[in-house]
Amino acid sequence: MLVHRTREGLASGVIVETEAYIGEDDPACHASFGRTVRNEPLFGPPGIAYVYLNYGVHYLVNAVTEADGYPGAVLIRALQPLDGLELMQKRRAPRWTRESTSRTSVVVPAT
């Protein structure tokens with residue numbers, strides 16, 4: 001589960017799709033071109049969030065997974081919303097759609 005608590009309120013969801021990246025030999029990993037200021041969080045410690053702006057449009061969140069000093073993370077690709085659906089809609093407006101928390105399928109809010 002991914003939970004975000006802010007002054008605006010709580011937003012949370014069950015993680016339903018991920019993608020893993022590991023090491024400088026993985027061409028899809030942000031560390032494939034070596035250590036930089038931007039990708040520094042990928043190099044540890046495990047458990048921290050690596051958040052970046054993708055193509056100047058969307059913020060993506062990754063959970064760093066590998067030992068301190070070795071780059072690796074799991075990208076959170078899709079959520080099934082649990083709490084804060086109205087807050088999620090407000091943050092994404094006017095681009096909100098039923099697919100806003102899903103990369104590949106329609107996500108129906110939990111009841």
Side-chain angles (χ1 to χ4, degrees):
M1 183 163 33
L2 183 65
V3 178
H4 188 215
R5 289 186 176 97
T6 68
R7 291 184 189 132
E8 293 179 280
L10 174 83
S12 70
V14 174
I15 298 166
V16 295
E17 185 179 350
T18 62
E19 190 170 310
Y21 303 97
I22 187 166
E24 293 177 83
D25 295 330
D26 180 347
C29 183
H30 277 193
S32 64
F33 294 105
R35 201 173 195 147
T36 67
V37 172
R38 180 184 187 204
N39 70 21
E40 183 65 28
L42 278 177
F43 289 83
I48 65 169
Y50 169 50
V51 180
Y52 62 92
L53 186 61
N54 189 35
Y55 300 115
V57 179
H58 302 287
Y59 283 96
L60 303 182
V61 63
N62 296 257
V64 175
T65 58
E66 298 305 306
D68 202 8
Y70 187 77
V74 173
L75 170 67
I76 309 302
R77 294 193 75 131
L79 296 176
Q80 178 180 347
L82 292 176
D83 299 298
L85 186 60
E86 288 179 9
L87 179 56
M88 292 179 203
Q89 291 170 334
K90 177 183 167 189
R91 289 176 177 166
R92 294 291 303 255
R95 298 182 320 263
W96 176 264
T97 67
R98 290 177 54 84
E99 293 82 21
S100 286
T101 57
S102 172
R103 181 179 171 277
T104 59
S105 61
V106 174
V107 175
V108 178
T111 56

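As a basis for the values below, the full set of heavy atoms in this structure was taken, side chains included, without hydrogen atoms, waters or symmetry mates.
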Student: Could I get the full list of side chain to side chain contact (heavy atoms under 4.5 Å, CB included) partners for Tyr59, not counting sequence neighbours?
Tutor: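 Result, side chain to side chain contact (heavy atoms under 4.5 Å, CB included) vs Tyr59: Val51, Leu53.
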Student: Measure the spacing between OH of Tyr21 and CG of Leu42 and express it to the nearest 0.5 Å.
Tutor: 10.5 Å
Student: Looking only at heavy atoms, which two atoms of Leu87 and Ala11 are closest? And how far apart?
Tutor: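 Between these two residues, the closest heavy atoms are CD2-CB, 4.3 Å.
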Student: Ile48: what forms a side chain to side chain contact (heavy atoms under 4.5 Å, CB included) with it, not counting sequence neighbours?
Tutor: Pro41, Pro45, Val64
Student: With rounding to the nearest 0.5 Å, note down the distance linking CG in Leu75 to OG1 in Thr18.
Tutor: 8.0 Å
Student: Just by distance, do the side chain of Asn39 and the backbone of His30 share a donor-acceptor pair under 3.5 Å?
Tutor: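 Present.
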Student: Quick one: ring-ring contact (aromatic ring centres under 6.0 Å, His included) partners of Phe43, sequence neighbours excluded?
Tutor: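 For Phe43, no residue satisfies ring-ring contact (aromatic ring centres under 6.0 Å, His included) once neighbours in sequence are set aside.
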Student: Scan for salt bridge (charged side-chain N to carboxylate O under 4.0 Å, His left out) pairs involving residues 25-35, sequence neighbours excluded, and state none if there are none.
Tutor: Arg35-Glu40
Student: Can you see which heavy atom on Pro27 is nearest to which on Ser32, and at what distance?
Tutor: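 Smallest heavy-atom distance, with atoms named: O-OG, 3.7 Å.
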Student: Please identify each residue that fulfils side chain to side chain contact (heavy atoms under 4.5 Å, CB included) with Asn54, with sequence neighbours left out.
Tutor: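 Side chain to side chain contact (heavy atoms under 4.5 Å, CB included) check on Asn54 returns Tyr52, Leu60.
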Student: A quick test of your reading: do over 12 heavy atoms of other residues, nucleotides or ligands sit less than 6.0 Å from CZ of Arg5?
Tutor: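 No, not enclosed.
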Student: Hey, any chance Val61 and Leu79 share a hydrophobic cluster, counting ILVMFWY side chains that come within less than 4.5 Å of each other, even indirectly?
Tutor: yes
Student: List in chain and number order the residues that pass ring-ring contact (aromatic ring centres under 6.0 Å, His included) with His4, two or more places apart in sequence or in another chain; answer none if no residue qualifies.
Tutor: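 For His4 there are no ring-ring contact (aromatic ring centres under 6.0 Å, His included) partners, ignoring immediate neighbours.
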Student: Who are the ring-ring contact (aromatic ring centres under 6.0 Å, His included) partners of Tyr70, not counting sequence neighbours?
Tutor: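 Listed in chain order: nothing, the list is empty.
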Student: Work out which heavy atom in Gly34 is nearest to a heavy atom in Glu24; give both atom names and the distance.
Tutor: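 What the structure gives for the nearest pair is CA-OE1, 3.4 Å.
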Student: Who are the side chain to side chain donor-acceptor pair (under 3.5 Å) partners of Ser12, not counting sequence neighbours?
Tutor: Asp83
